[in-house]
Amino acid sequence: SYTFEIDGENISTFVRDTLDQIERITNKIRKNSNITDIVNIGIGGSELGPRTACRALENFSDGPCVHFLSNIDG
């Protein structure tokens with residue numbers, strides 16, 4: 001099994017549990033046909049990472065449409 005440590009502390013279980021939780025949430029969203037769109041609101045360019053990841057994976061997408069806002073200010 002893979003071990004990941006930060007400052008000498010093994011956080012592999014935390015990471016694995018978090019990834020499992022993400023998978024459960026995303027599966028629920030995909031199965032809920034009432035959710036057709038998701039809006040990611042970034043602050044100061046923080047939408048760039050999620051936007052890039054979604055764009056790279058768009059050929060594999062089977063869920064709702066994802067939209068990005070780089071800022072909530074007018």
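All heavy atoms count here, side chains included; hydrogens, waters and symmetry mates do not.
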At what distance, to the nearest 0.5 angstrom, does [atom1] of [X] lie from [atom2] of [Y]?
X	Y	atom1	atom2	answer
Ile43	Ser70	CD1	OG	9.0 Å
Thr26	Arg30	OG1	CZ	5.0 Å
Thr13	Phe4	OG1	CZ	13.0 Å
Ile11	Glu5	CD1	CD	9.5 Å
Ile22	Asp17	CD1	CG	11.0 Å

Exam field: side chain Asn27 to backbone Glu23, donor-acceptor pair closer than 3.5 Å
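The answer is yes, because a donor-acceptor pair under 3.5 Å joins these two groups.
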
Using a side-chain heavy atom cutoff under 4.5 Å and only I, L, V, M, F, W and Y, what cluster partners does Ile38 have?
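Ile25, Ile29, Ile35, all in the cluster of Ile38.
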
Show which residues join Phe68 in its hydrophobic cluster (side-chain heavy-atom contacts under 4.5 Å, direct or indirect), or state none.
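Via sub-4.5 Å side-chain contacts, Phe68 links to Val66.
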
With the side chain counted from C-beta on, respond yes when Val39 and Leu69 share a heavy-atom pair under 4.5 Å apart, and no when they do not.
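Yes; the side chains approach each other to less than 4.5 Å.
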
Do His67 and Asp37 come within less than 4.5 Å of each other through their side chains, counting heavy atoms only?
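Yes; the side chains approach each other to less than 4.5 Å.
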
Suppose we screen for side chain to side chain contact (heavy atoms under 4.5 Å, CB included). Which residues come up paired with Glu58, at least two apart in sequence or across chains?
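Glu58 satisfies side chain to side chain contact (heavy atoms under 4.5 Å, CB included) with Arg55 only.
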
What heavy-atom pair brings Glu47 and Asn40 nearest, and what distance separates the two atoms?
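Looks like CB-ND2, 3.5 Å.
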
